[in-house]
Amino acid sequence: MVQTTAGNPSISDAATEVAAGAPFVGRPRPRGLAHGLVEDLGEKIRSQSLRPGDKLPTESAIMKSFGVSRTVVREALSKLQAAGLVETHHGVGTFVLQPRAAGMFRLDSADIATSVDVLAVLELRISLETESAGLAATRRTEEHLLAMRQALDDFERNVAVAGDTVAPDFRFHLQIAQATGNPYFADIMSHLGTTIIPRTRITAIRNYDRRGEYLSRVNREHEEIYAAIARRDPESARAAMRIHLTNSRERLRVAQEAAQQAAAKTSPTAS
């Protein structure tokens, strides 16, 4: 049964303060309105100022307190739900959940929203997938190789016709994880899903180098990884994967800089 705020002075008082126009949990931080709201509400929940079962103030009350739009409030609540901190019951309200155990791994697509986040995930992937490629070169089967080959062929075919390259890209990396013979590599990759591919999250990547040279370079790097795994060369496989993901990080940086320069040229305040 959903717990209400009756008999819970802390949340009742907080809701009363919001209704009176007083700040509920402080003002959003400069990084972004929704992000600041998530940080403030999240900190309130983690510090037990808002306890499991407490009902959050209404969207309208949070909007008034923070001076933000309903869209910002809903985006923040969505991120809190993705983080497992709150749960919304339509027609009833949003309630605080029991915090997850410390140290529990989680990374959801809602978390990977900015270039900073994508760069952080790429750093994680460099560590994880470099070793994955080395193990795959030692343990892969012919079936694994065939699945990788099919993914690369689909990637190349879709580059030529401007089709979907994200799915075969992810499939190639997932097949390498599966070829390690260690289910945890594949579990982590499956959990992360296609959001690990930078161009799914960052518009600048999607708009960068529309002639296909970007994807052609990605494909060549994939082929180097595949070749090393096929010939059972773990050190070369590790090196090829590290180069590929390091290059992805550099491509993201260059694309972001190009987008910023383009925005500066079209800005009304640009001299």
Side-chain angles (χ1 to χ4, degrees), residues 103-109 111-156 159 165-202 204-205 208-209 213-256:
M104 180 180 291
F105 174 79
R106 56 161 295 281
L107 180 60
D108 296 302
S109 60
D111 300 320
I112 312 173
T114 70
S115 59
V116 174
D117 299 323
V118 174
L119 284 169
V121 172
L122 279 171
E123 289 181 357
L124 170 66
R125 290 182 62 196
I126 289 171
S127 299
L128 176 71
E129 294 191 67
T130 295
E131 184 58 24
S132 178
L135 292 175
T138 302
R139 302 172 181 175
R140 58 85 176 164
T141 65
E142 291 303 315
E143 289 75 14
H144 290 134
L145 269 187
L146 177 60
M148 291 178 212
R149 183 69 266 161
Q150 290 174 338
L152 291 182
D153 289 346
D154 288 345
F155 185 101
E156 185 174 14
V159 169
T165 57
V166 171
D169 191 333
F170 174 71
R171 210 165 75 237
F172 174 66
H173 286 273
L174 179 60
Q175 287 297 331
I176 292 174
Q178 292 175 341
T180 66
N182 182 331
Y184 295 108
F185 280 96
D187 284 349
I188 292 175
M189 292 294 291
S190 296
H191 175 75
L192 293 174
T194 58
T195 57
I196 66 172
I197 309 300
R199 60 187 179 278
T200 67
R201 310 301 298 175
I202 303 300
I205 285 285
Y208 178 63
D209 198 2
E213 295 174 7
Y214 172 95
L215 293 176
S216 294
R217 287 195 294 270
V218 171
N219 194 40
R220 287 195 296 271
E221 292 166 9
H222 283 165
E223 291 289 353
E224 290 293 329
I225 299 167
Y226 172 83
I229 293 174
R231 66 176 181 266
R232 297 188 185 277
D233 184 344
E235 290 309 312
S236 292
R238 289 187 181 96
M241 181 64 81
R242 179 174 290 277
I243 289 171
H244 169 53
L245 295 177
T246 301
N247 285 348
S248 293
R249 185 172 57 186
E250 178 63 12
R251 282 188 285 265
L252 172 60
R253 185 190 65 78
V254 171
Q256 287 293 94

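All values below come from the heavy atoms of this structure, side chains included, with hydrogens, waters and symmetry mates left out.
- The shortest heavy-atom contact between Leu135 and Phe185 is CD1-CE1, 3.7 Å.
- When the side-chain hydrogen bond (donor to acceptor under 3.5 Å, both in side chains) test is applied to Glu156, no partner is found at least two apart in sequence or on another chain.
- The side-chain heavy atoms of His173 and His244, taken from C-beta on, include a pair separated by under 4.5 Å.
- Taking Phe172 as the reference, His222 meet the ring pair (Phe, Tyr, Trp, His ring centres under 6.0 Å) condition, with sequence neighbours excluded.
- The CG atom of Leu215 sits 11.0 Å away from the CZ atom of Arg220 when rounded to the nearest 0.5 Å.
- Scanning for side-chain contact (heavy atoms from CB on, under 4.5 Å) contacts around Thr246 gives Ile126, Arg242, Arg249, with sequence neighbours left out.
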Start with the C-alpha distance between Leu245 and Glu123, add both sets of side-chain angles, then the distance that settles side chain to side chain contact (heavy atoms under 4.5 Å, CB included), and finish with yes or no. CA-CA 8 Å; Leu245 295 177; Glu123 289 181 357; over 6 Å; no
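- Partners of Arg231 according to the salt bridge (Lys or Arg N to Asp or Glu O under 4.0 Å) rule, which considers only residues two or more places apart in sequence or in another chain, are Asp233.
- Ala230 meets the side-chain contact (heavy atoms from CB on, under 4.5 Å) test with Leu145, Tyr226; sequence neighbours excluded.
- Taking OG1 from Thr141 and CG from Leu146, the interatomic distance works out to 9.0 Å, rounded to the nearest 0.5 Å.
- At least one donor-acceptor pair under 3.5 Å links the side chain of Arg139 to the backbone N or O of Thr180.
- Screening residues 127-153 for ring pair (Phe, Tyr, Trp, His ring centres under 6.0 Å), with sequence neighbours left out, gives no hits.
- Going from atom CE of Met189 over to atom OG of Ser132 covers 7.0 Å, rounded to the nearest 0.5 Å.
- For the atom pair CG of Asp154 and CG of Asp169, the computed distance is 12.0 Å after rounding to the nearest 0.5 Å.
- A pairwise comparison of heavy atoms in Gln178 and Ala186 identifies CG-CB, 3.8 Å as the closest pair.
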Could you walk me through whether Asn219 and Val159 pass side chain to side chain contact (heavy atoms under 4.5 Å, CB included), step by step? CA-CA 9 Å; Asn219 194 40; Val159 169; 5.5 Å; no
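- Scanning both residues, Ala237 and Ala137, for their nearest heavy atoms gives CB-CB, 4.0 Å.
- Proximity of Leu174 to Ser190: side-chain heavy atoms (C-beta onward) are separated by under 4.5 Å at one or more points.
- Applying the salt bridge (Lys or Arg N to Asp or Glu O under 4.0 Å) criterion to Glu235, with sequence neighbours excluded, gives Arg238.
- Closest non-hydrogen pair, Gly181 versus Pro183, comes out as O-CD, 3.6 Å.
- For Arg149, the side-chain hydrogen bond (donor to acceptor under 3.5 Å, both in side chains) partners two or more places apart in sequence, or in a different chain, are Asp153, Glu223.
- Thr138 is not listed as a side-chain neighbour of Arg232, based on a closest heavy-atom distance of 4.5 Å or more.
- Not counting sequence neighbours, the partners of Asn247 by the side-chain hydrogen bond (donor to acceptor under 3.5 Å, both in side chains) test are Glu221.
- Under the salt bridge (Lys or Arg N to Asp or Glu O under 4.0 Å) criterion, Asp187 pairs with no residue at all, not counting sequence neighbours.
- Under the side-chain hydrogen bond (donor to acceptor under 3.5 Å, both in side chains) criterion, Ser127 pairs with no residue, sequence neighbours left out.
- In summary, of the residues considered (Glu131, Arg125, Glu224, Glu129), a side-chain contact (heavy atoms from CB on, under 4.5 Å) with Met241 occurs for Glu129 alone.
- In this structure, CZ in Arg140 is found 13.5 Å from CD in Gln175, a value given to the nearest 0.5 Å.
- Ala136 and Ile229 make their closest contact through O-CG2, 4.0 Å (heavy atoms, listed as atom of the first residue, atom of the second, distance).
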